[in-house]
Peer 1: 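First the structure, which I've put down as structure tokens, then a few questions once you've had a look.
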Amino acid sequence: MYSGILLSTFGITAILIFLLPINKIFDTFKHHNSMLSGMLIIGIALILLSSAYSLAFMFLCMVLYGTGFALLFPSINALIASHTTEKTRGKAFGLFYAFFLWAL
């Protein structure tokens with residue numbers, strides 16, 4: 001019953017970080033650092049989620065997960081853009097999104 005609401009919490013958190021002025025952190029830090037931070041935060045969120053004992057704690061874990069995703073996703077996109085040529089960029093993004101959707 002709550003799985004959809006929990007996933008929406010993750011999505012709304014990520015979207016808020018993308019849209020609010022806090023997104024200036026992407027200009028401040030190197031993409032590698034924000035990517036690693038995002039992966040670390042997602043890992044912590046998943047570990048905490050696996051040991052969640054209450055619904056409120058699950059919501060907190062999903063907010064944490066959304067924060068990690070918001071750090072990870074733009075960093076990966078920027079790294080793909082900076083490490084490919086214009087000729088190969090479309091293929092690189094196509095592969096990235098194919099694997100990204102497959103992993104979901």
Side-chain angles (χ1 to χ4, degrees):
M1 179 171 138
Y2 289 105
S3 60
I5 298 170
L6 288 165
L7 286 172
S8 296
T9 302
F10 142 73
I12 290 169
T13 301
I15 289 170
L16 285 175
I17 292 173
F18 292 148
L19 297 177
L20 293 174
I22 194 171
N23 72 6
K24 302 289 184 217
I25 61 173
F26 301 119
D27 300 330
T28 307
F29 298 104
K30 292 182 179 181
H31 298 299
H32 286 89
N33 294 339
S34 58
M35 181 182 71
L36 291 174
S37 298
M39 288 192 301
L40 180 67
I41 291 170
I42 287 173
I44 291 169
L46 289 174
I47 290 168
L48 292 174
L49 193 59
S50 70
S51 63
Y53 52 87
S54 70
L55 186 61
F57 188 65
M58 286 184 198
F59 277 106
L60 180 68
C61 292
M62 292 309 283
V63 167
L64 194 61
Y65 190 94
T67 302
F69 181 82
L71 289 172
L72 180 64
F73 199 74
S75 302
I76 292 174
N77 282 322
L79 288 170
I80 290 172
S82 67
H83 286 85
T84 56
T85 63
E86 286 186 27
K87 186 176 179 180
T88 61
R89 193 164 294 146
K91 189 182 293 185
F93 274 108
L95 287 169
F96 168 66
Y97 285 114
F99 283 106
F100 176 73
L101 291 175
W102 175 73
L104 289 178

Peer 1: Mind checking who shares a hydrophobic cluster with I15, ILVMFWY linked at side-chain heavy-atom distances under 4.5 Å?
Peer 2: L19
Peer 1: Return the CZ to CG distance between F29 and L36, rounded to the nearest 0.5 Å.
Peer 2: 13.0 Å
Peer 1: Given M35 and L71, is the side-chain contact (heavy atoms from CB on, under 4.5 Å) satisfied, shown in steps?
Peer 2: CA-CA 6 Å; M35 181 182 71; L71 289 172; over 6 Å; no
Peer 1: Report, as yes or no, whether the 6.0 Å neighbourhood of atom CD1 on I22 holds more than 12 heavy atoms from other residues, nucleotides or ligands.
Peer 2: no
Peer 1: What residues form a side-chain hydrogen bond (donor to acceptor under 3.5 Å, both in side chains) with T85, not counting sequence neighbours?
Peer 2: T88
Peer 1: At their closest point, which heavy atom of P74 faces which heavy atom of A70, and how far apart are they?
Peer 2: CD-O, 3.1 Å
Peer 1: Determine all donor-acceptor pairs shorter than 3.5 Å in which one atom belongs to a side chain in residues 89-96; sequence neighbours excluded.
Peer 2:
{"residue": "R89", "atom": "NE", "partner": "A81", "partner atom": "O", "Å": "3.4"}
{"residue": "R89", "atom": "NE", "partner": "T84", "partner atom": "OG1", "Å": "3.2"}
{"residue": "R89", "atom": "NH2", "partner": "A81", "partner atom": "O", "Å": "2.9"}
{"residue": "R89", "atom": "NH2", "partner": "T84", "partner atom": "O", "Å": "2.9"}

Peer 1: S34: what forms a side-chain hydrogen bond (donor to acceptor under 3.5 Å, both in side chains) with it, not counting sequence neighbours?
Peer 2: S75
Peer 1: Hey, what do you get for OH (Y2) to CG (L7), rounding to the nearest 0.5 Å?
Peer 2: 15.0 Å
Peer 1: How many angstroms lie between CZ in F69 and CG in L72, if you round to the nearest 0.5 Å?
Peer 2: 7.0 Å
Peer 1: Working to the nearest 0.5 Å, report the span between CZ of F18 and CZ of F73.
Peer 2: 7.0 Å
Peer 1: Please name all residues satisfying side-chain hydrogen bond (donor to acceptor under 3.5 Å, both in side chains) with N77, sequence neighbours left out, ordered by chain then number.
Peer 2: Y97
Peer 1: I need the I12 CD1 to I5 CD1 distance, nearest 0.5 Å.
Peer 2: 10.0 Å
Peer 1: Mind listing the side-chain donor-acceptor pairs of residues 46-67 below 3.5 Å, one per line with the distance, residues two or more places apart or on another chain?
Peer 2:
{"residue": "S50", "atom": "OG", "partner": "I47", "partner atom": "O", "Å": "2.7"}
{"residue": "S51", "atom": "OG", "partner": "L48", "partner atom": "O", "Å": "3.2"}
{"residue": "S54", "atom": "OG", "partner": "F57", "partner atom": "N", "Å": "3.2"}
{"residue": "T67", "atom": "OG1", "partner": "V63", "partner atom": "O", "Å": "2.9"}

Peer 1: So how far is it from N33 CG to H31 NE2, rounded to the nearest 0.5 Å?
Peer 2: 10.5 Å
Peer 1: Would you please classify the geometry between the H83 ring and the H32 ring as parallel, tilted or perpendicular, with 30° and 60° separating the classes?
Peer 2: perpendicular
